[in-house]
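Read through the structure below, which is laid out as structure tokens, and then see the notes.
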Amino acid sequence: MAALAAHARDTGGPGLCLVTFCPDPDAVAGVVRSSGVRDVQLHAFQLPAVVRRLRHPLPAGTRLWKAAHVDAGRWLEEPSLGAYARAGADGFVLDAVSGGRVGSTGTALEPAVVRGFAALAPRPFLLAGGLDAHPSAQQLALRELPGLAGIDLDGTARDAGGPICARRVRAVARAWPGTAATTPAARPWRWWRTTCAPALPACPWSPAAGSARTATCCATWCG
């Protein structure tokens, strides 16, 4: 993973993001330091105390994202958004919970729910959940929301559930153009990720399957 992260930096290609369900800040920080990844996404229900403990040992410049889960139109972390920001989260990833499954549900969020979250979020956020190459007019209108930094893709970027498919990625990129109101540097658009390999030892907790779900991910920001 360290070699892949270095190659991405040297060539200007997609960077690496560590997406993890692990609640152990020391384990996560160790992987970040040894690999050189620049982004970390805490995708489970890690508490603000975990974010605080993780923030300090992370290398300077590491961006720390915390998933903000939506279940049946409710923002499950709503009471703690401020606490996550104070603990050191750089941003949130707004994603749907479906049938008890956390992440990669393919469930799109209602635009009204996203707008409500944008009004409350104390940090920038990425929009996830069922986004594809055929967005509705209401979805595209969300691009102008203050704080929305891009979109997060997984399943819709894959070909038949397998590896990331360049054709699918290009189709989504064309369907979700950035806004002309800001420069790419001010609003880096579109964030793709793909599970590549296990990255951490087994952790004792997972909300979905009773075991750790941690993956190295490939991300790219596009203007």
Side-chain angles (χ1 to χ4, degrees), residues 17 19 21 39-52 54-55 62-156 172-173 175-193 207 219 221-223:
C17 176
V19 178
F21 278 59
D39 289 85
V40 179
Q41 185 184 139
L42 299 179
H43 201 61
F45 294 93
Q46 295 96 332
L47 297 175
V50 173
V51 173
R52 186 178 299 108
L54 177 58
R55 178 80 272 176
T62 304
R63 289 172 293 199
L64 183 55
W65 302 88
K66 175 66 186 71
H69 304 92
V70 178
D71 189 7
R74 297 184 302 112
W75 311 306
L76 301 185
E77 283 89 355
E78 179 182 359
S80 303
L81 293 178
Y84 281 116
R86 292 189 296 273
D90 294 301
F92 299 96
V93 180
L94 188 62
D95 201 1
V97 175
S98 180
R101 180 172 180 173
V102 177
S104 299
T105 64
T107 301
L109 297 172
E110 290 293 332
V113 172
V114 180
R115 291 184 179 280
F117 181 84
L120 295 176
R123 292 286 188 270
F125 69 99
L126 301 170
L127 177 60
L131 303 176
D132 58 25
H134 305 284
S136 67
Q138 291 79 9
Q139 285 179 314
L140 287 177
L142 298 175
R143 293 174 299 163
E144 302 301 330
L145 285 176
L148 182 58
I151 64 174
D152 176 303
L153 301 181
D154 188 12
T156 55
V172 176
W176 287 85
T179 173
T182 56
T183 64
R187 172 172 271 184
W189 264 93
R190 292 188 299 275
W191 194 73
W192 292 292
R193 61 187 178 88
W221 297 94
C222 303

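Being a predicted model, the structure only gives us computed values, none of them experimental.
Atom CG in Leu127 sits 12.0 Å away from atom CZ in Arg143 (nearest 0.5 Å). To the nearest 0.5 Å, atoms CD (Gln41) and CG (Asp95) are separated by 8.0 Å.
With Trp75 contributing its side chain and Val113 its backbone, the two residues share a donor-acceptor pair below 3.5 Å. Using modelled atom types, no side-chain atom of His43 and backbone atom of Trp65 make a donor-acceptor pair closer than 3.5 Å. In this structure, the side chain of Ser80 does not engage the main chain of Ala83 through any donor-acceptor pair within 3.5 Å.
Leu142 and Leu148 get closest at one heavy-atom pair: O-CD2, 3.1 Å. For the pair Asp132 and Trp176, the tightest heavy-atom approach, listed with the atom from each and the gap, is O-NE1, 2.9 Å. Counting all heavy atoms, side chain and backbone alike, Ala141 lies closest to Arg115 at CB-NH2, 3.7 Å. Here the closest heavy-atom approach between residue Pro48 and residue Tyr84 is recorded as N-CE2, 3.5 Å. The heavy-atom pair separating Ala133 from Ala175 by the smallest distance is O-CB, 3.3 Å. Residues Asp152 and Val93 come closest through the heavy atom pair OD2-CG1, 4.0 Å.
Residues Leu109 and Phe117 fail the side-chain proximity criterion, which asks for heavy atoms closer than 4.5 Å. Counting heavy atoms from C-beta outward, Leu42 and Leu54 have side chains that approach closer than 4.5 Å. Under the 4.5 Å side-chain criterion, counting only non-hydrogen atoms from C-beta, Phe92 is in contact with Pro122.
The salt bridge (Lys or Arg N to Asp or Glu O under 4.0 Å) analysis of residues 76-92, with sequence neighbours excluded, yields the pairs Arg55-Asp90, Lys66-Glu77.
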